[in-house]
Amino acid sequence: MKKVATRFAPSPTGPLHIGGVRTALFNWLYSKNKKGSFYLRIEDTDKERSKDKYKEQIVKSLKWIGVENDGDEYIQSKKINDHIKVANELLKNGHAYKCYCSSDEIEEQKQRAKQKKIPYIYDRKWRNKNESEAPKDSKPTIRFKSKINGNTILKDLVQGDVQIDNNTIEDFIILRNDGSPTYNLSASVDDHLMNITHIIRGDDHKINTFKQMQIYIAMKWELPSFAHIPLIHTTEGKKLSKRDKASTLDDYSKIGIMSDALRNYLLRLGWSYKDKEIFTLNESIKYFNLEGIGKSPSKLDMSRILSMNEHYIKNIDENHLFNQLTEYCKLYKSEIKSDKKEKIKKSLPFLKNKAKTLEDIFNNGQYIMVDNVNFNQEDIKLIDDKAKKVISDFNTKFSHVNKLSKETLEPIVNELIKSNDTNFKGVGQPLRIALTGSKFGPGIYDIIISLGKDEVRKRLTNKKLS
RNA sequence: GGUCCCUUCGUCUAUCGGUUAGGACACAUGGUUUUCAUCCAUGAAAGAGGGGUUCGAUUCCCCUAGGGACCGCCA
């Protein structure tokens, strides 16, 4: 058995969206499961649209989600000569021919086909014409001589046997009239040269596969296996595109989605293993297979992403969570001041309890991170004379407490409930507003302990409360 | 329009001819609770339609309908 090799081959012409990330993930997982290799190939032969910043974004995205390529990135534009060499070989052995049609001529044919509502397919005009009839001063394109008769069966590892009439595949261009190779040529040559054994890619490539298979066959190369995975759809049911909102990884990381959670979500989108929902990285490598990939497209569902993230927030190691949080704050919010870090870390057990995202934890922990309380304009109105008395009464008794814990604080609160003839809310709410600026938030004892004695006393004597 | 693909709760899915069609998210209700949450329990919720094949079809085949992808000298 040949060693399994997969690849992910994006073109750096736009930001990588999560459909691409999932394709990369599946390729990577498959290769790791088979103890094979996974390569990253940058298909940058469209010089006009390829941008370095997109390439960097792609590399960064894959790294973020945990997909690592073996070896260096393969830069397609550096291999153009290999592609041209193959084109010439195909030309020499009769599998390709020169086409002298001008682009205007082709364009006209397409228009005509559109008007007549018949499918456009290149009319193979130059397939059998003699070179001597070629117009002068006209540079030809090189077209692949596709099969006209019979049919081809693609044994797709996800979709099963897919049969197509050969005459529906046109004589596609492999070399432009400027001599540069086109996608189908470059991709097949590279896949062959890289010894790719399994090509796992989006369903939208299926027609290309039939073209590329013909190149393989004409060159007498050993065919790789193909697996076409269903596309990810938007909630409207259309193919996800770069223009769609919330389609890049950054769109998710900036709202505080963690990479492990998104990886797990993407893994389960279109793939399943029994009833298992949560997969560690190692488990996903261990269980991933092509049989588990479904045949129908799946829609993106934000609430599932959120709940997956919530699961990870509540279950991962707290040190790890803290690191993720500090990194997140640094990147997208404001860096947590060093004197607040320890307080935040200790408070994570309850801060994370009501969070679906890192952003939620940031918001929940805001009261610890700030030096001065930001009062909610509506909530501060709840501080009436009665509340003020509760606050100052509490402060008096609190000043005698040395060790902060629920056990030492609860008696004080209970006393105040009695002496002020109120209920827990009558005490808890004013204190919460005084300490955090909002009537919503963590439990009052958690707040007090997280802030520390000095900070609590400082906040309880805030002039805005008197 | 042509070619190809798809179709189980709202969503992601399990089922590989015999199940009260299972799980998860979301939703609803109840309980716990000091606010907001968490947590726990319960509930509602699906085989697109029609033909076959079979003792028996969600499962296999065909047709219809609906949805999607592709149809570049882009990748």
Side-chain angles (χ1 to χ4, degrees), chain A residues 9-14 43-46 48-50 76 99 101-103 106-107 110 113-114 116-121 139-143 154 156 158-160 162-165 167-170 172-184 186-187 202-208 210 228 230-231 233 235 237-239 265 268-278 291-292 294-308 310-311 314 350 352-356 360 364 379 410 413 417 423-429 431-433 438-445:
Chain A
S11 62
T13 55
E43 307 212 325
D44 59 342
T45 52
D46 184 339
E48 294 284 300
R49 298 195 300 146
S50 292
Q76 188 166 60
C99 166
C101 290
S102 65
S103 33
I106 299 289
E107 201 49 47
K110 279 183 192 169
K114 210 172 193 178
K116 285 195 208 161
K117 294 206 166 193
I118 54 170
Y120 164 76
I121 182 164
K139 283 184 182 163
T141 58
I142 307 297
R143 286 183 185 267
L154 161 66
D156 193 279
V158 167
Q159 305 198 345
V162 181
Q163 196 181 95
I164 197 171
D165 278 345
N167 62 26
T168 60
I169 303 293
E170 70 166 349
F172 54 97
I173 292 174
I174 53 177
L175 239 45
R176 301 186 185 91
N177 66 185
D178 66 358
S180 64
T182 61
Y183 167 73
N184 280 302
S186 296
D203 194 22
D204 50 346
H205 276 288
K206 212 157 43 184
I207 292 293
N208 290 326
F210 284 100
H228 291 93
L231 302 175
H233 281 177
T235 38
K238 302 283 186 211
K239 174 183 170 182
Y265 171 77
R268 281 287 287 98
L269 190 65
W271 178 83
S272 62
Y273 179 77
K274 299 180 182 171
D275 274 344
K276 196 169 165 59
E277 300 281 353
I278 305 299
E291 293 75 40
K295 290 186 174 186
S296 49
S298 30
K299 286 179 190 162
L300 229 37
D301 181 359
M302 196 57 203
S303 68
R304 277 179 71 86
I305 297 177
L306 251 15
S307 83
M308 186 64 81
E310 185 179 11
H311 178 273
K314 291 187 176 141
F350 65 86
K352 74 178 183 182
N353 232 347
K354 55 184 63 183
K356 280 178 157 45
D360 290 342
N364 295 342
D379 294 350
E410 200 167 31
V413 170
I417 291 173
N423 54 15
F424 189 93
K425 193 178 174 187
V427 174
Q429 186 162 288
L431 287 178
R432 180 177 289 109
I433 294 171
S438 164
K439 64 175 176 176
F440 301 124
I444 192 64
Y445 304 124

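Each chain gets a letter, A, B and so on, in the order its sequence line appears, and its residues count up from 1.
A close approach under 4.0 Å does occur between a side-chain nitrogen or oxygen of Ser298(A) and OP1 or OP2 of U13(B). Look at Lys439(A) and you won't find any side-chain N or O under 4.0 angstrom from OP1 or OP2 of U35(B). Regarding contacts with the backbone of A75(B), a side-chain N or O of Arg176(A) is found under 4.0 angstrom from either OP1 or OP2. At least one side-chain nitrogen or oxygen of Lys239(A) sits closer than 4.0 Å to the OP1 or OP2 atom of C70(B). Contact between the side-chain N/O atoms of Ser272(A) and the OP1/OP2 oxygens of A14(B) is found at a separation under 4.0 Å. At C73(B), none of the side-chain N or O atoms of Ser180(A) fall inside 4.0 Å of OP1 or OP2 (strictly under the cut-off).
Going from the C1' atom of C27(B) to that of G2(B) covers 43 Å, rounded to whole Å. Atom name C1', nucleotides U58(B) and U19(B): the rounded distance is 11 Å, in whole Å. A45(B) sits 30 Å from G52(B) when the P atoms are compared, rounded to a whole Å. C9(B) and A46(B) have their C1' atoms separated by 4 Å, with the value rounded to a whole Å. Between A14(B) and U59(B), the two P atoms lie 15 Å apart (nearest whole Å). C61(B) and U53(B) have their C1' atoms separated by 7 Å, with the value rounded to a whole Å. Rounded to whole Å, the separation between the C1' atoms of C6(B) and U13(B) comes to 15 Å.
The partner of A48(B) is U64(B), judged by Watson-Crick or G-U wobble contacts that both fall below 3.5 Å. Within the shown strands, C71(B) is the pairing partner of G1(B) under the Watson-Crick or G-U definition, both distances less than 3.5 Å. In a base pair of the Watson-Crick type (N1 to N3 plus N6-O4 or O6-N4) or a G-U wobble (N1-O2 and O6-N3), with each distance short of 3.5 Å, U53(B) is matched with no nucleotide. Across all strands shown, A28(B) forms a Watson-Crick or G-U wobble pair, both distances under 3.5 Å, with U42(B).
Atom CD of Glu48(A) is surrounded by 12 or fewer heavy atoms from other residues, nucleotides or ligands within 6.0 Å.
A distance-only check finds no donor-acceptor pair linking the side chain of Arg268(A) to the backbone of Ile278(A) [under 3.5 Å]. The closest donor-acceptor contact from the side chain of Arg176(A) to the backbone of Pro181(A) lies under 3.5 Å. Without hydrogens or angle criteria, Lys356(A) side chain to Ile305(A) main chain gives no donor-acceptor distance under 3.5 Å.
At the heavy-atom level, Ile164(A) lies under 4.0 Å from the strands shown only through sugar-phosphate atoms. Residue-level contact check: Asn208(A) touches the bases, meaning some heavy atom is under 4.0 Å from a base atom. Residue Thr141(A) is classed as a base contact, given a heavy-atom separation below 4.0 Å to a base.
Per the geometry, CG belonging to Asp165(A) stands 12 Å off P belonging to C5(B), to the nearest Å. One interatomic measurement links the two molecules: NZ of Lys238(A) to P of C6(B), which rounds to 19 Å at whole-angstrom precision. The interatomic distance linking Phe424(A) (CZ) with U34(B) (P) rounds to 7 Å, in whole Å. The interatomic distance linking Asp275(A) (CG) with G22(B) (C1') rounds to 6 Å, in whole Å. Atoms CD (Gln159(A)) and C1' (C70(B)) sit 12 Å apart, rounded to a whole Å. To the nearest angstrom, C1' of U11(B) lies 8 Å from OH of Tyr265(A). To the nearest angstrom, P of U3(B) lies 17 Å from CG of Asp203(A). What separates CG of Leu306(A) from P of A37(B) is a distance of 15 Å, to the nearest Å.
In this structure the side chain of Lys206(A) reaches within 4.5 angstrom of the side chain of Gln159(A), judged on heavy atoms. You'll find the side chain of Ile444(A) reaches within 4.5 Å of the side chain of Phe424(A), heavy atoms only.
Toward the 5′ end of RNA chain B lies the nearest nucleotide of Trp271(A), the other residue of the pair Trp271(A) and Lys139(A) mapping further downstream.
Two rings, from His205(A) and Tyr183(A), have their centers less than 6.0 Å apart.
Below the 3.5 angstrom threshold, one finds a donor paired with an acceptor across the side chain of Arg304(A) and the base of A24(B).
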